[in-house]
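Starting from 1, each residue takes its place in the sequence as its number. Because the structure is a prediction, the values reported are computed rather than measured. Start at 1 and go down the list; that is how both ligands and their atoms are numbered.
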Amino acid sequence: MAEPVLKDLTVVVLAAGGGTRMRSKTPKVLHEIGGRSLVGHVLAAVAETSPRSVVAVVGHQRELVAPHVSALLPDCLLAVQEEQKGTGHAVRVAVEAAGTTSGTVLVAYGDTPLLTGQSLRDFVAEHEAAQRAVSLLSGDVAEPAGYGRVVRDADGEVLAIVEHKDATAEQLEITEINSGIMAFEAGFLLDALPRLGNDNAKGEYYLTDLVGLAREAGLMVGAHVLADVVQTEGANDRAQLAALGRLLNDRVVDHWMREGVTVVDPATTWIDVHVDLGRDVTILPGTQLLGATTIGEDAVVGPDTTLKDCEVGAGARVVRTHAELAVVGDDAQVGPFSYLRPGTRLGAGGKIGGFVETKNAVIGDGAKVPHLSYVGDAEIGEGANIGAGTIVANYDGVAKHRTVVGRHARTGSNNTFVAPVVIGDGASTGGGTVVRGEVPAGALAVSAGPMRVIEGWAQERRAGTAQAEAAEAAGRETAGGPEVTDDSSQASAGELG
Ligand code: UD1
Ligand code: CA
């Protein structure tokens with residue numbers, strides 16, 4: 001079936017409220033779930049209706065809300081509601097700002113992140129097809145407290161919406177509630193808005209009173225009952241924010257499983273809305289894929305891994321890793337217990353192993369930093385191998401310096417590269433080397449001094465300890481006792497240790 005084309009649609013997004021129950025310095029509609037703000041979710045759904053214009057009504061903390069909305073949807077008009085005098089007043093401010101004269105006006109709230117574009121399209125299409133003056137999206141809920149109730153006559157026709165605070169005891173029993181999402185024929189809306197009064201429990205201009213006004217004028221009014229009521233739920237406090245976040249995540253994880261991704265434990269897997277996953281990706285438990293992360297085909301990620309704004313290549317394996325703004329090449333291996341900081345780029349088939357931290361490090365194809373290392377501000381050539389326990393000392397306390405390791409170089413264990421360092425192609429370093437300056441291509445650099453042996457040192461200098469006893473016992477088993485072979489017996493434990 002072809003999608004309905006909504007040619008002359010103005011969408012009003014109400015986002016002027018304070019959101020006091022969030023108890024936050026951040027405006028409610030800017031709180032995030034799934035890596036996108038609440039109002040960002042709403043604007044994304046609204047965009048799917050292909051509206052002629054979108055107007056956001058801003059008020060509370062508009063110095064934060066307005067720029068955010070403009071960044072997400074540059075064409076969005078902004079209407080300022082200085083004082084919150086009610087939803088009817090807010091819509092009036094909006095249609096005036098938009099200069100709407102015809103077509104349909106759809107009203108949505110800025111804090112309902114689960115609302116889909118499909119639901120909005122279906123709602124508006126039904127409103128237009130039925131040629132109604134007013135349509136409302138309603139839902140049947142177990143706990144209707146706080147909501148406006150949909151009052152119907154014996155034939156089931158919608159008569160009015162009565163706000164909770166204005167409802168009679170009998171009306172409070174009604175479980176069909178107004179979601180707040182409403183559609184209007186523009187001509188009726190422009191004519192009726194100025195006629196709204198505020199003689200009610202809250203002293204506000206209620207948008208919902210337009211239902212009764214339309215009925216009095218003999219115009220068509222109807223409600224569309226949305227089965228999936230969570231779509232219209234707003235996040236008023238942090239508990240609701242988390243609950244909606246969980247539901248959104250279920251939806252996103254479900255989507256990727258249908259696209260051919262194996263998710264071993266959906267309950268502990270979190271995937272932001274902008275993430276992109278290839279076919280036959282496997283995600284193991286406890287994994288968070290955040291921001292604009294992309295994962296290539298056949299890659300296996302997790303368990304217990306967080307990737308934010310990362311690009312992981314096809315066939316790669318990322319185990320127990322925390323990474324941000326990092327690129328992992330095809331068939332590369334990362335982890336377990338690796339920390340990839342911004343600017344890390346691991347080439348195809350490369351490896352960043354256990355207890356390795358990297359930052360601003362380009363590690364070439366097939367190159368490996370397998371164990372216990374820190375690599376920062378460095379470029380490691382293709383096929384090179386960095387020894388276990390290597391520390392790149394990139395920062396001298398004032399400035400950062402670069403380290404360049406050539407192709408197929410092999411550096412020893414427990415090295416310190418005191419940057420700036422250049423190690424040439426095919427060069428080597430010995431175990432324990434402190435590398436400064438340049439090692440030419442093909443050369444071997446060694447800086448650790450020759451080992452000295454001071455016989456019987458423990459028995460002499462640590463007499464009476466378990467260490468000395470063990471040494472003595474070993475000495476009795478072999479020949480001879482404690483014996484000092486040169487006068488360097490004065491060496492301190494520090495030097496030896
Ligand atoms: C409103 C509806 C109610 C519905 C409920 C659904 C009215 C009169 N009532 O009630 O029928 O069941 O939503 O959640 O419309 N806002 C503005 N400017 C204002 C007033 C409100 O921008 O002057 C915004 C708020 O930020 C909020 C939304 O409009 O996003 C709803 O306002 P709120 O005061 O929370 O209405 P409710 O009393 O919940
Ligand atoms: Ca509300």
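If you number the atoms of ligand 1 from 1 as listed, the ones under 4.0 Å from a heavy atom of Y206 come out as 8 (C). Each of the atoms 17 (C), 18 (N), 19 (C), 22 (O), 23 (O) of ligand 1 lies under 4.0 Å from some heavy atom of Q81. Of all the atoms in ligand 1, the ones that sit under 4.0 Å from a non-hydrogen atom of L14 are 22 (O), 24 (C), 29 (O), 30 (O). Heavy-atom proximity to T208, at under 4.0 Å, picks out these atoms of ligand 1: 7 (C), 8 (C), 9 (N), 11 (O), 15 (O). The T87 neighbourhood of ligand 1 comprises atoms 7 (C), 8 (C), 15 (O), 20 (C), 21 (C), 29 (O), 31 (C), 32 (O), with distances under 4.0 Å to a heavy atom of that residue. Taking a cut-off of under 4.0 Å to the non-hydrogen atoms of G148, the atoms of ligand 1 that pass are 3 (C), 4 (C), 11 (O), 12 (O). For ligand 1, the atoms closer than 4.0 angstrom to any heavy atom of S179 are 6 (C), 14 (O).
Checked against a 3.5 angstrom limit, the closest N/O atoms of G146 and ligand 1 fall outside it. The N/O atoms of E163, backbone and side chain alike, include one that comes under 3.5 Å of an N/O atom in ligand 1. Residue-to-ligand polar distances place K202 within reach of ligand 1: an N/O pair is separated by less than 3.5 Å. In terms of N/O distances under 3.5 Å, ligand 1 is approached by K85. Considering backbone and side-chain atoms together, G86 places an N or O closer than 3.5 Å to an N or O of ligand 1.
Only the side chain of Y109 comes within 4.0 Å of ligand 1, judged by heavy-atom distances. With a 4.0 Å heavy-atom cut-off, ligand 1 is reached by the backbone of A16 and by its side chain too.
For the pair D365 (side chain) and A348 (backbone), a donor-acceptor distance under 3.5 Å is present.
Contact between L213 and A192 at its shortest, heavy atoms only, is CD1-O, 4.1 Å.
Note that OG1 of T358 and OH of Y339 are 9.5 Å apart. Values are rounded to the nearest 0.5 Å.
Judged as a side chain to side chain donor-acceptor pair (under 3.5 Å), and not counting sequence neighbours, D250 has no contacts. The side chain to side chain donor-acceptor pair (under 3.5 Å) test applied to S179 returns no partner, not counting sequence neighbours.
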Derivation of the side chain to side chain contact (heavy atoms under 4.5 Å, CB included) call for L193 and L210 = CA-CA 8 Å; L193 279 175; L210 294 181; 4.0 Å; yes

Start with the C-alpha gap between L277 and E259, add the side-chain angles, then the distance that decides, and say whether side chain to side chain contact (heavy atoms under 4.5 Å, CB included) holds.
-> CA-CA 9 Å; L277 307 177; E259 290 290 311; over 6 Å; no

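Remark: the K28 side chain and the N236 side chain contain an N/O donor-acceptor pair separated by less than 3.5 Å.
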